[in-house]
Structure formats: C-alpha cells, structure tokens
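Naming: A, B, ... by sequence-line order, numbering from 1 per chain.
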Amino acid sequence: MVTINIALLAFIIASIAYIMKEVWKPEILRKASLAIFIVGFLLNTVLVVNRWIESGHAPFSNLYESLIFYAWSVGFVYLILEYLYSLRIVGALSTVMIMFLLLYASTTDETIRPLMPALQSNWLTVHVVTYFIGYAALGISFLTSILYLVWHLRSRTSLAGGPMDFQKLSYKIVAFGFPFLTLGLITGAVWANKAWGTYWSWDPKETWSLITWLIYLLYLHTPLVLPRMNIDKAKIPVVQSVCLVAAFAAVIFTYLGLAYLPSASDSEHIYGNK
Amino acid sequence: MAKVIGKTGARENGSPLWNLFTSVKLAVALIFLIALACGLGTFIVQDKTSQEYSARYGEGLAYFLQLTQLTHVFQSYWFTLLLLLLCTNLVCCTIERWRGTLMQLGFILTHTSIILILAGSILGLWFGNKGVIWIAEGQKVEQFYLREGTPKVLPFQLYLEAFITEKHPPKFELVGYVKDKHQEKLLSTEIGKVQPVPKSPYAVTVKDFIPDAALLEEAVNTSEDIKNPAIFVQLYGSEKVSVEGWLVAKDRNWYVDSKRNLKLEYQWVASMDDLEKATSTVTKPAQPKLVVRLKGKDVSREFPIEVGKDFSLEDYQFKILDFTLNFTQRGTPIREQQPENPAVQVELQGPQGKEARWVFANFPDWDEMHPTKHKDIKLLCQIPQDLTFVSQQIKILQGPNESRLLTYIKDDQVVEKINWELEKKYDIGATGQQIKISKFFPSFGVKQSVVKKSDELKKPALLVEVDGPKGKLSDWVFSDTPNATPYPDGNFFLLYKQFGENIKDWKSTLRIEEGGKTVAKKTIEVNDPLKYGGYTFYQASYDPENPRLSGLQVARDPGLPLVYSGFFTLCFGIIFIFYIKPLLRRRPQAQEGE
Ligand code: HEM
C-alpha cells in the first residue's frame, strides 16, 4: 500500500513536470520529468516483483495484479517509445493513464488467492506478458490519436503547423504493439490447447480478443484502402484516428467489460466473475 | 502505394469477379463483417434451447434469431461462408500481388498463415473428434464419449493406475459486512491492528487467534436465588451411568429416551398446592393431527393421525396409510425415528377419483408445487413440539422450601410417587434402571470458553473486538460456523471463512496397452497431457464427490499441425513486417526490392 502511494506521488509530480516542460520548454525540465517518471516506474516495478515473490506465481491472477502489471507495462512501453520516437507531450498523458490504473488497482481486492491448476503454466506468463505489452502500446496509440483529434479540431487543418504528426506516430506505435497482440492471441490458443485440448472454443474472452485483433488489422489496412475511396484526402488521418480510438475501446471491453456480457456466466476466464 | 493502385487499375484481363476477389476493399469489408459477427455471437447467448430463447427474447425475436442462425453464430453456414470468402480473397490477393521479393516475405507469410489456420481447423472439424472419459482408479476404458454423448472406440486400452489430488493448505479470510450499505470489506487478521471499516461507524481489531479452536460450554450456578432452576439427572443401567444431562425448568425441561421408552420432565412449581395439582393430573401427551381444509368452502377439520384409521368430510373419504417422523427413515420403528421430517400418507377418495398423497409437516406447500387430482383439498400435518411415542414418563417436580416430588407414570397411569432427595438413586418401575438427581442449580447459566485443540490450521477462530455505535464488543468468530457474528445493532456482521479453490493440482497416471503390451505411460496433469497414436489425453476435471474418479478430455485433431504451422508463419510474418522490414528499408540498396 505504501509503495503504491509513493509511486502515485512520483507519477503526479512527473505529469506536472511534463506539462510545464511543454509550456515553458526549459531544457532542465525535460530531463527532470523523465527522471521522476523513471522513479515512479521503478516503484511500480517493485510493486510487481514484490507481488510475484509474495504470491509465488506470476502476478496476473486477479484484477488487482493485472492492473498493477498493466500500469507497469504502459510505463515500460512508454520508455521504449520515448527512446525511439521522443513522444514529448504524450509523456504527460501516459503518466495520467498509469496513475489512473494504479488508483483503480488500489480500490480493488488485493488478497492473494491460490491459483487454479489451469493457470499454473509458463504459457500463461508468456501469454499475459505479450498481451499487456501490446495493450500498453495500443493504449499509448489511443492517447496519440486523441491528441491528433483534439489538435485537428482546434486548428481545423490536417497537418500544417502542427508540432508533430500524431497520426503517423500512432501508426508507428500500433505497428510496435500489434505483433505483441498477435503473439498474445497465438500463445493464448497454444496454452488453451495444452490445458484443455482445444485451441479455440469461441469463449467470450477469446472471441473478444479476436475482435480486437481484427479491428487493429483493419486499421493497419486502412492506408491501402482509404486512398482509393471517394473521401477527401485530408480526412483520412481523421478517420484513422477515430478508428484507433474505437479500437482501444474494444481493448478495454475485452479486458474489463466482459463481465457485463449476457454470455459472461458461460466463460471460464473473466475477471470479477468468480 | 500509388504504384499499386496504378497496377491494379490497369489490369487488362481482370474479369469483374477476379477484380472483386483481389481487392483490399473486399478484405476490409470481410474482416469488418467477421468482427461484427463475433460481436453478435457474444451479445446473443449461444447454443441454448428454444425455450430459453423464447423466455429471454420473446417468441418473435427468438424465431428470427434461430432462423438466421444467430443462436449459434460460430457454427452457422453464413459465418463459414464469410471465412471461405476471406480465404479466397487472401489467395487471390496474394497471387495477384506476388512479386517474389524479400520485402514481400512478411506480406506473403501473414496471408498464407490465415489460410493454413483456417484449412487446419476445417480438417480438425471434419476428421478429428473430441470427447470425455470418466475413469476410476484401477479401471480400464476402451472408448470415450463425444460431446453429443455417442461413444467412440479407442484403438487401444487406457488404464488409470493412480489418481492424486493435491490440496493447498486451507486459507481463511475475515469479512465485515455493513448491512445498510450492502458493503463487504475484507479485513486483515493481523493481531492488534485497528481497522476502521470505510464509510461506516465500525472499527475492527483482531485480538487473538487460535489455529484449531473448540468451544467449551460449562454449566455454572450464577446465584442462590431461584432464577433459572435446573437439575442434573443421571440414568443408571446397571452400576454405570448410561445417560446424564441438565434439565432446565424454564428452557429445555424434557428429555426423551426412545431406546429406554422413557420421557423425563422437570417442572418448577410456585407452591405446595401446585405440586399436588401437578401430580394428580396426568395430561395425555399431544398427538399429531391431520388438518383437512376444503378450499373455497371455508370448512376445516382436525383428525388425529392414527395409521389405518379412516374418516370422511363432506363428499370425501380419507384413510391414513402411513406416518413417519422422518421421511427418509420410513420403515424403521417409529420410536427410533428422529423427528426431522415428519410426514403422513393419506388416501383420498372423492368425485375426482382416488389418490394417495404424502403431506409433510415441514413443507406445508409441497402440494402447491406438485399439483394433485383434488386441487380443492388442502391437507396439513401438525406435529406437537414434544411429540413422543414412549409409554413411561418420569416427572420431576420441585418447589420452594425443599418440596420435591418424583412421579413415575406408565401408560398414562401414575404408578409411584417419591419425595426425592439429591444424590439418591431410585428405581424406575420394574425396568431395572435407576435415576439419580445429582445437582441442583437455583440459577442455571452457561459459561463458554474457547480452547485450543492443536497447533494445526484446522478450525481457526479469531477473537475480534468491534467498536461501533453500541460501544466496544469482543467475541470469538469461528471459521466452521456458516452464520455471521452480528454486532448488537444488527447492522454489522463478521464472517470468518475458508476461501478459494482448495485443489492445487490433479494428476492421473495413465498407461496405454496395445495388443497386451504397454506402449505408453505418463502421469498427466493440467497443462501436461499424454499423447499417443494421434490421441491426446488431458487432465480436465475431478469429481468432488468421488476422489477416485478422474475426468479426462480426449482429442484427436489431424488439423493441428497445419494450425500450428499457421501460428508460426503468422508470428514470423508479422515480426518480419513490423520489425525486420523497417530495418531492411533503412539500408538504401534494399529500397529497390519494394
Ligand atoms: C493476418 C493478418 C494480416 C496481416 C497482418 C496483414 C498485413 C498486411 C500488410 C502489412 C500489408 C501491406 C503489405 C506491404 O506493404 O508490403 C498487407 C497488404 C494487403 N493485405 Fe493484408 N494482412 C492480413 C490479412 C489480410 C487479409 C485477411 C486479407 C484479405 C484477403 C488481406 C489483404 C491484403 C491485401 C490485398 C494487401 C495489399 C498488398 C499490396 O498492396 O501489395 N490481408 N497486409
């Protein structure tokens, strides 16, 4: 509990620093904000590792564990992307997203419970880790799409004058995350086959992971299709950004919303569906 | 991209069909439709019965859903058609755009992978099968059962040599429940930590913990004034005490011993006169009664329940066929039955014909749920509280100023009266048995104490202090009681209970025999199956009722190699497109390949 609070504090300071940096642009804040972010990230790492040791299994077995791990993944992917593409203001938003996840985690039941036998598998670890890395990248691409849309609506121009092309950046981030999403989907199928003898059973969770994957697949094909359709060239990035926002809604639904499905009671693996 | 557009647009021999199947637009449309279908397949519950659909969605919509196969999307013809169209689209696209350059590797691999996976799954669907086996330790099976229940013969014999279930050590949790907020809060069991329950006026502190606790109850006398008189009675068979216990005048003041055909009763009387009265009148014990009500006519009559007796009411004849104190113990002598589920069987004869009906004392509405011929007749079985079928009775009477009387009653006749004294034995008629009243407490009370039985974590108990609007209160909560412990204001409850899946793992040692020879042997567990002869045996479940019984899943899937190679190509293709290709592209000489 203490660690999670200090981590939250670090992320709050980091997000303030990120925003101040964008407004006043002193060089020192750029380094400082990143440094504070890294402190928060390390604390988040402590949270995950500690949990792993305490429970004796990879910490993804309930909502609390998966949320702190998702928060960690967002931090991890953000640092990689920051290194690759220098995300600037996206840093502030990613920090807010991590804070939100940690706050959410702190309201959920954190009791350690024994793992059911099907979950005691290395495939599970690979499956979940790849999925969350993917989800983290897609989460950040969601943020960049939002930035694109906000900025587009404000300036009413498609590209000119913008500090950076967030739509292009979004595509790159999805391109980074989509392979992880695919690996997650496939390792999930392999694991199911190992545990139950069926690689695919159209369980709601499986089906929704497939839907999510298909939506991102659609997005990846939009550059091939949209230019050939009868739409204003300037509108294409807007359509793509909207597509990404909707796609992330599917991720969130797959991750957290399935308990609300009428078919949820038939499912084996939905959080909050004991 | 412009290059591609020009190329496709300029195709001369492109028939409209070919153009359609090579277009990415179709691909996008198909992918969108498939995603949509998947979504529908989760929002509409799948594979239920017609009745369930009608109940859930109404007749009209249910009919529509069934007609369009939206009730089993993933097995529907149109979903299969969509997948086939996608396959065709992929094949055509890939052929059309094939240029054989390295840069296209990812594109080719990903697109081929989808074809491989779909082909493999179709192969599995047509030529594979899946089923279950329930097998007991030491047993042999030669077939398994498909989902629909049809048996399928195995080309070998499968033996279960051993079945082990491993258990986690039990874990317990303390839960606080705030009633008016419907709010549950998991509490720490750390000793000495004050835990306020959020958004409520309560705070909980665990004060003590016993891993294996038992509750001891001890009788004590709390005062010398007559507040709650009680006696300690012992029955002697030969020389030894056979039964002993407390009779409390204002509470549990009787005891029935059906084995000895004896009832004991203790009464405290206010004066000498009452003592006389109580001994001169022998009240016949209350009898079970059958109440017959004619619905709509406002007629209601009571009849004593005596097996074999018949009687009539208006147009109806009744006969008592059978009577039991415990429905599941029917057939054993009634004196030996525990009065747990009393029931009477009645034969009814009336205008609607003849029928026999069981009437349960504890379930008066049984007949509403199980309608009978005579709907206008309501039968009720009434059992008096202290119903007994014994013919001997001892009444122990006591009053102020040392007035004490013991009466022995046999077949409703007073046989003997004795002025009893403490610590003296008296014969009970000619039964050869004796009675002794060895203690008298004017104010009977019970002192409870919690003791530790062992150091093992078996039935733990916590001493919990709750602070709330009614002050501080300490109480023991036990893990083995299903009832919650309430705080005096009736709004806050504590429950200490075991949680979680207790089973850690199940392991079956399987042996396969073919032509009398053992050809394979393995101990399987969840996530680690046994493979032999194209069949794979998975540890799937266990029977909580029967620890010897192992549940296996059997699968034979000849499409699996194709599917897995599709998985592999897909992974590699995607990694190539998104991680390798960008690296190659950075090198100028690779640019030409595009
Ligand atoms: C398995 C998932 C799929 C992935 C990851 C994928 C990925 C891609 C990528 C990255 C490209 C661009 C190729 C390049 O620029 O080198 C592409 C092109 C294309 N994809 Fe897919 N695709 C997938 C599934 C499909 C499906 C199911 C179809 C439908 C039949 C399809 C049809 C096409 C077409 C027609 C092109 C255009 C190729 C070109 O312009 O050379 N793809 N795909």
Exercise for the section: With ring-ring contact (aromatic ring centres under 6.0 Å, His included) as the test, would you mind laying out the steps for Trp208(A) and Tyr255(A) before giving the verdict? Expected result: CA-CA 9 Å; Trp208(A) 270 94; Tyr255(A) 178 28; over 10 Å; no

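- Looking at Phe253(A), only its side chain comes within 4.5 Å of chain B, counting heavy atoms on both sides.
- Not counting sequence neighbours, Thr94(B) has no partner by the side-chain hydrogen bond (donor to acceptor under 3.5 Å, both in side chains) test.
- Separation of the Tyr148(A) and Phe166(A) ring centroids does not fall under the 6.0 Å cut-off.
- Ranked by heavy-atom pairs shorter than 4.5 Å toward chain B, the options Leu183(A), Thr182(A), Ile211(A), Thr222(A) are led by Ile211(A).
- If you measure heavy-atom distances from Tyr199(A) to chain B, the contacts under 4.5 Å come from the side chain alone.
- Tyr579(B) touches chain A through its side chain: at least one heavy atom from C-beta onward sits under 4.5 Å away, while N, CA, C and O do not.
- Ring pair Tyr85(A)/Phe176(A): centre-to-centre distance not below 6.0 Å.
- Residue contact with chain A, scored on non-hydrogen atoms closer than 4.5 Å, involves the backbone and the side chain of Ser121(B) alike.
- Heavy-atom distances place both the backbone and the side chain of Thr198(A) under 4.5 Å from chain B.
- For a residue to count as touching a neighbouring chain, one of its non-hydrogen atoms must lie under 4.5 Å from one of that chain's; by this rule Tyr564(B) touches chain A with the side chain only.
- Of the two parts of Ala555(B), only the side chain, counted from C-beta on, holds a non-hydrogen atom closer than 4.5 Å to a non-hydrogen atom of chain A.
- With sequence neighbours left out, Thr71(B) forms a side-chain hydrogen bond (donor to acceptor under 3.5 Å, both in side chains) with no residue at all.
- With chain A as the partner, the residue from Val563(B), Asp528(B), Ile575(B), Val73(B) showing the most heavy-atom pairs under 4.5 Å is Val563(B).
- Using a 4.5 Å cut-off between heavy atoms, Leu36(B) makes no contact with chain A at all.
- Within the model, atoms CG of Leu244(A) and CG of Leu143(A) stand 11.0 Å from one another, a figure rounded to the nearest 0.5 Å.
- Ser145(A) and Ser241(A) share no donor-acceptor pair across their side chains, judged by distance under 3.5 Å alone.
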